[in-house]
There are 4 protein chains.
Amino acid sequence: MSDASPPSRGRPRDPRSHEAILRATAELMVESGYAATSIGAVAARAGVGKDTIYRRWPGKPELVFEAVFTTTDEVPPPDTGTLLGDLTALLQGLVDEFRAPAAAAALPGLLADFAADPDLRARIRGDFLAPSKERLLVVFERAVLRGEIAGETPVDLVLDTLAGAVFFHVGLVGEHPRRETAALLAAVVAKGIEVR
Amino acid sequence: MSDASPPSRGRPRDPRSHEAILRATAELMVESGYAATSIGAVAARAGVGKDTIYRRWPGKPELVFEAVFTTTDEVPPPDTGTLLGDLTALLQGLVDEFRAPAAAAALPGLLADFAADPDLRARIRGDFLAPSKERLLVVFERAVLRGEIAGETPVDLVLDTLAGAVFFHVGLVGEHPRRETAALLAAVVAKGIEVR
Amino acid sequence: MSDASPPSRGRPRDPRSHEAILRATAELMVESGYAATSIGAVAARAGVGKDTIYRRWPGKPELVFEAVFTTTDEVPPPDTGTLLGDLTALLQGLVDEFRAPAAAAALPGLLADFAADPDLRARIRGDFLAPSKERLLVVFERAVLRGEIAGETPVDLVLDTLAGAVFFHVGLVGEHPRRETAALLAAVVAKGIEVR
Amino acid sequence: MSDASPPSRGRPRDPRSHEAILRATAELMVESGYAATSIGAVAARAGVGKDTIYRRWPGKPELVFEAVFTTTDEVPPPDTGTLLGDLTALLQGLVDEFRAPAAAAALPGLLADFAADPDLRARIRGDFLAPSKERLLVVFERAVLRGEIAGETPVDLVLDTLAGAVFFHVGLVGEHPRRETAALLAAVVAKGIEVR
DNA sequence: GATTAAGCGAGACGGTACGTCTTGTCTTGAG
DNA sequence: CTCAAGACAAGACGTACCGTCTCGCTTAATC
């Protein structure tokens with residue numbers, strides 16, 4: 001119906017350019033890292049003019065963010081029956097996400113650029129953490145119903161703690177990806193916030 | 001005994017240049033941020049040639065690190081009598097350090113540059129976290145003696161969790177520095193790692 | 001056929017930049033001299049980025065050469081009816097060229113840079129002297145027909161002598177530009193190479 | 001007499017440094033050329049501090065001049081009995097001087113630096129050409145007595161012509177050192193200035 | 001024999017230019 | 001209106017050299 005479709009005059013944007021740019025960005029992220037990757041290099045590898053990139057993204061941070069975190073967290077929140085189980089599953093997802101080559105290479109620089117720009121700064125909580133926060137909220141709601149935790153548990157602080165822990169331990173220090181890390185961390189936090 | 005003192009040939013380095021450079025760096029960090037601060041700008045403000053900077057530091061990351069973390073953590077580890085008290089004190093120190101204007105402005109970009117360079121990467125754990133780790137170890141030892149925690153508590157993981165949490169919550173998201181944040185976080189972690 | 005015209009892709013070079021750069025170069029030559037003129041200063045005065053200069057010229061020597069010897073020697077060879085008259089006219093042209101403020105300021109340094117670089121060295125005879133040589137050849141041909149000189153007169157040596165004499169007397173020593181200098185020199189050389 | 005000998009207090013200058021510096025300068029002139037030779041490089045090769053050079057010479061031009069033109073023209077003026085013979089001998093000396101490796105490498109840059117500095121500019125005629133001029137004057141005096149040339153022959157112009165010709169032909173264009181060049185040039189000039 | 005003053009090698013110092021790179025915008029002609 | 005190509009102004013990069021300075025020595029001439 002209606003749809004208020006844009007007039008769409010002139011030549012339409014080529015969707016293949018879009019894909020090629022994102023692919024080139026992800027590849028360069030792995031090969032050269034965030035700082036050493038320039039928009040010009042992305043354009044050259046994608047076989048695309050620089051303007052074609054600037055027409056779609058305002059700058060490197062936004063481009064890299066989209067190229068590296070394509071996996072839109074549409075995964076449903078875990079439901080294992082216990083807070084510990086849910087937290088472990090959730091953390092394991094976080095760890096896997098931070099360990100992906102392109103993400104691991106991009107994250108520190110990406111976060112730095114977002115933090116440096118006042119406009120982007122607000123989007124850290126919004127775009128980076130929002131999906132995880134939503135799932136954490138569901139997990140907490142269920143835990144409250146089960147009587148495991150109190151209602152006023154500080155979600156944001158817990159989320160920052162989990163994300164920060166994974167970022168430091170895996171993304172930054174580059175610690176070898178121990179399988180038990182997620183479980184260990186989940187255990188500490190779950191026990192720490194449980195009512196008893 | 002060895003001695004190995006350098007023969008000290010040629011004109012010795014002027015310590016006033018050293019200080020002027022560090023001061024200029026810290027100021028520019030606050031005024032312009034990490035990424036927008038160039039070595040040339042530091043040199044100009046310090047009234048110094050660029051070579052005088054490059055002669056002492058290999059690059060921006062090392063310079064900024066020294067300029068911003070002058071507070072040599074010689075503070076003795078806290079000893080309040082309880083794990084919770086000690087952790088709260090320790091965390092409060094971390095929060096204060098991350099909230100200092102120059103440090104807050106520098107941290108994200110600084111960590112990104114350290115993480116991007118293989119040589120510097122190893123120094124994150126060494127130079128950034130080592131002082132805190134040492135004090136955390138003492139706190140843990142006392143807690144073990146008191147029977148509050150088990151001997152095999154994973155220090156590195158806990159340290160990364162605390163640092164990561166503070167970095168995300170204060171340094172990155174720029175959350176207003178709530179007085180109770182440190183206490184709240186300490187409470188969760190202390191409870192999470194206690195034996196009972 | 002061939003044509004070999006470049007496909008002309010991308011934005012064409014702005015001819016106004018070209019002109020502005022050459023004008024700025026000539027001005028700086030007069031004001032500061034060859035050695036004290038930097039590419040950066042030329043760019044700043046022309047209101048142009050340094051790359052815009054390096055995109056068109058490989059270095060300072062080539063740029064200055066084009067800026068200072070714009071007077072494409074399309075002047076027809078003199079034809080006064082006698083060897084002496086022709087030589088005098090030709091030499092007067094050389095003196096005037098070497099006395100032009102920009103040329104006088106640039107010549108010693110320019111020749112030095114050309115002589116120092118093996119690639120440019122060959123262009124001294126080609127680009128600097130070629131136009132004059134062509135006209136000298138015509139003058140000599142006519143003089144041979146008139147029976148004034150022999151056919152095997154060494155053109156290159158005479159040309160180097162004339163150019164060298166003017167360069168030393170006017171360009172280098174900075175001798176005041178006496179009106180009779182050209183005539184005097186022409187008289188000596190004309191008499192020196194005449195058959196009788 | 002008096003002499004006004006300097007009091008000469010303190011340690012006298014080491015003559016071995018003097019020699020080492022001049023030798024290093026001449027060597028570097030041949031190996032790297034004038035422009036690419038820095039005072040620092042000379043000092044390093046001579047095993048000497050930069051100040052030891054600056055204490056004796058005001059700058060590169062003066063140093064190189066002394067290093068390259070050590071052969072103080074104490075050679076007596078030629079006396080072959082004819083103007084042509086004398087001029088040929090004189091020119092042959094000039095050619096030989098300009099063809100010496102160190103001199104050939106240094107000359108264009110050296111002249112450019114002398115010409116660029118108002119203070120040094122005057123010394124071109126003085127230091128470079130004076131010895132040759134003195135000998136040319138003697139040759140001319142004898143030729144006048146013999147009746148070969150007139151008394152008012154313009155010595156300076158002839159000297160500039162000879163020097164300029166050799167500089168352009170041998171030093172600048174790097175023409176192969178033809179044995180007959182000097183004779184040919186001498187013939188032209190001698191005939192050009194003779195009374196008949 | 002002690003003092004003094006300059007010479008000496010080394011190298012730090014404030015400046016400045018180098019030629020390359022990246023940024024985000026602009027300007028072509030072709031689709 | 002998009003696209004690939006590439007020019008454009010701005011300015012940072014890390015290196016090299018300049019000519020001066022500041023060290024701790026050494027080396028004579030003077031006291």
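All chains are named by letter (A, B, ...) in the order of the sequence lines, taking the proteins before the strands, and each is independently numbered beginning at 1.
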What is the separation between atom CZ on A:Arg16 and atom P on F:dA4, rounded to the nearest whole Å? 10 Å
Rounded interatomic separation in angstrom, taking CG from D:Asp113 and P from F:dG19: 10 Å
Which of the following nucleotides, F:dA4, F:dA7, E:dC13, is nearest to the side chain of A:Ser17? F:dA4
Rounded interatomic separation in angstrom, taking NZ from A:Lys50 and P from F:dC3: 16 Å
Run the side-chain contact (heavy atoms from CB on, under 4.5 Å) test against D:Arg16 and tell me which residues pass, sequence neighbours left out. D:Asp14
Taking OP1 and OP2 of F:dG11, is either one under 4.0 Å from a side-chain nitrogen or oxygen of B:Ser38? no
Specify the residue among B:Ile39 and C:Arg13 whose closest nucleotide of DNA chain F lies further upstream toward the 5′ end. C:Arg13
Can you work out whether C:Thr37 or B:Asp14 has the more 5'-proximal nearest nucleotide on DNA chain E? B:Asp14
For the pair D:Lys60 (side chain) and D:Tyr34 (backbone), establish whether a donor and an acceptor sit closer than 3.5 Å, ignoring hydrogens and angles. yes
What is the distance, rounded to the nearest whole Å, between atom OH of A:Tyr54 and atom C1' of F:dA4? 16 Å
Identify, between B:Val48 and A:Gly40, the residue whose nearest nucleotide on DNA chain E lies closer to the 5' end. B:Val48
So, OP1 or OP2 of F:dC21: does either fall under 4.0 Å of a side-chain N or O from D:Arg55? no
Between atom CZ in B:Arg45 and atom P in F:dA12, what is the gap in whole Å? 14 Å
Position toward the 5' end of DNA chain F (nearest nucleotide), C:Gly10 or B:Asp51: C:Gly10
Atom CD1 of D:Ile53 to atom C1' of E:dG7: distance rounded to whole Å? 14 Å
Looking at A:Thr37 and A:Gly33, would you say the former's side chain and the latter's main chain have a donor-acceptor pair under 3.5 Å? yes
Looking at B:Thr52, does any N or O in its side chain come under 4.0 Å of the phosphate oxygens OP1/OP2 on E:dG15? no
Using atom types as modelled and distance alone, determine if a side-chain donor or acceptor of B:Glu62 lies under 3.5 Å from a backbone N or O of B:Gly59. yes
Report the distance from atom CZ of D:Arg11 to atom P of F:dG24, rounded to the nearest whole Å. 17 Å
Which part of the nucleic acid, if any, lies within reach of B:Gly47 when heavy atoms closer than 4.0 Å are counted: base, sugar-phosphate only, or nothing? sugar-phosphate
Ignoring hydrogens and angles, write down the donor-acceptor pairs under 3.5 Å from the side chains of residues 23-31 of chain C, residues two or more places apart or on other chains.
residue : atom : partner : partner atom : Å
C:Thr25 : OG1  : C:Ile21 : O            : 2.7
C:Glu27 : OE1  : C:Arg45 : NH1          : 2.8
C:Glu31 : OE1  : C:Arg45 : NH2          : 2.8
C:Glu31 : OE2  : C:Arg45 : NH1          : 3.0

Per B:Pro12 side chain, nearest of listed nucleotides F:dC23, E:dA17, F:dG19: F:dC23
